[in-house]
Amino acid sequence: EPEVTQTPSHQVTQMGQEVILRCVPISNHLYFYWYRQILGQKVEFLVSFYNNEISEKSEIFDDQFSVERPDGSNFTLKIRSTKLEDSAMYFCASSVGGRAFFGQGTRLTVV
Amino acid sequence: TQLLEQSPQFLSIQEGENLTVYCNSSSVFSSLQWYRQEPGEGPVLLVTVVTGGEVKKLKRLTFQFGDARKDSSLHITAAQPGDTGLYLCAGGSAGTYKYIFGTGTRLKVLA
């Protein structure tokens with residue numbers, strides 16, 4: 001069964017460094033999303049992407065975040081200058097027909 | 001701001017018991033999804049409901065969307081230890097490009 005894949009599964013980075021989280025959405029899906037989940041907390045919406053542009057973003061998705069679909073398969077989330085509070089699980093999702101499927105996540109630890 | 005409140009927050013029951021988890025909002029959703037999440041993994045889609053009053057069954061799990069599409073319930077019959085996990089509801093609204101997640105219900109089924 002098709003699935004959303006994310007790499008890496010774990011990423012440790014120093015505060016102030018840039019990180020890129022990568023995702024391969026399900027191939028026939030049109031909408032793509034990034035969510036994050038701080039340990040023990042709710043799954044929070046970051047951004048949605050459709051037709052090569054951002055459709056909607058949350059207050060969390062400030063100028064240090066950006067998304068890109070560099071080719072026909074990958075969907076990336078870049079954090080320019082990481083902060084300690086960016087430590088979380090980051091989930092990519094894709095959807096079609098109102099059904100959203102999530103990847104296994106990237107655990108980002110900022111030290 | 002759309003919010004989805006789930007109750008109970010925690011539930012610990014014996015194998016074989018029945019249980020119901022609730023997902024409530026003051027907002028109307030065009031679709032509602034239920035996910036199960038294991039520790040350190042991404043949410044796994046269980047079901048999507050889109051019509052007010054809709055009932056869907058997945059083996060021992062029964063999902064219902066409220067008539068007004070503001071609430072939903074998940075009923076598990078004869079719970080098994082394998083049902084242990086975090087159950088999340090997520091609502092989608094027409095005209096938006098995001099899913100709002102509920103607060104989650106952590107279920108533990110004891111053998």
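Computation of the quantities below employed the complete heavy-atom set of this structure, encompassing side-chain atoms and omitting hydrogens, waters and symmetry-equivalent molecules. Naming convention: chains lettered A, B, ... in sequence-line order (proteins, then strands); numbering from 1 in each chain.
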Point to revise | same_hphob_cluster(F29(B), L46(B)) at 4.5 Å side-chain heavy-atom cutoff | key: yes
Check your understanding: L4(B), V50(B): one ILVMFWY side-chain cluster at the under-4.5 Å cut-off?
Key -> no
Check your understanding: Is the ring centre of Y35(B) less than 6.0 Å from the ring centre of Y35(A)?
Key -> no
Point to revise | Heavy-atom contact with chain B under 4.5 Å, split by part of Q37(A) | key: side chain
Check your understanding: Out of curiosity, E44(A) CD to K98(B) NZ, how far, rounded to the nearest 0.5 Å?
Key -> 12.0 Å
Review point. Which bit of T103(B) is near chain A, if near means a heavy-atom gap under 4.5 Å: side chain, backbone, both or neither?
Key: both
**Study point:** Neighbour count above 12 (heavy atom, 6.0 Å) for L84(A) CG
**Key:** yes
Practice item. Verify the cluster assignment for I100(B) and V43(A): are they in a single hydrophobic cluster under the rule of side-chain heavy atoms below 4.5 Å apart? Key: no
Review point. Crowded around K56(B) NZ? As in, over 12 foreign heavy atoms under 6.0 Å?
Key: yes
**Study point:** Side chains of S95(A) and Y99(B) in contact at under 4.5 Å (non-hydrogen atoms)
**Key:** yes
Practice item. Verify the cluster assignment for L61(B) and L88(B): are they in a single hydrophobic cluster under the rule of side-chain heavy atoms below 4.5 Å apart? Key: no
Point to revise | Shortest non-hydrogen contact between S31(B) and G98(A), atoms and distance | key: OG-O, 4.3 Å
Check your understanding: Any idea which of Q41(A), K42(A), E56(A) has the most non-hydrogen atom pairs under 4.5 angstrom with chain B?
Key -> E56(A)
Exercise for review: Mark yes or no for whether S55(A), through its side chain, and Y97(B), through its backbone, hold a donor-acceptor pair below 3.5 Å.
Suggested key: no
Revision key, fill the gap. Note: G42(B) and F91(A) closest approach over all heavy atoms is CA-CE2, 3.2 Å
Exercise for review: Counting only heavy atoms closer than 4.5 Å, note whether R107(A) contacts chain B via side chain, backbone, both or neither.
Suggested key: side chain
Review point. Would Y31(A) and F101(B) show up in the same hydrophobic cluster when neighbours are defined by side-chain heavy atoms closer than 4.5 Å?
Key: yes
Practice item. Could you grab the distance from atom CZ of F102(A) to atom CD of E41(B), nearest 0.5 Å is fine? Key: 14.5 Å
Check your understanding: Is the number of heavy atoms from other residues, nucleotides or ligands within 6.0 Å of CD (E59(A)) greater than 12?
Key -> no
Practice item. Sort Q37(B) into side chain, backbone, both or neither according to what part of it lies under 4.5 angstrom from a heavy atom of chain A. Key: side chain
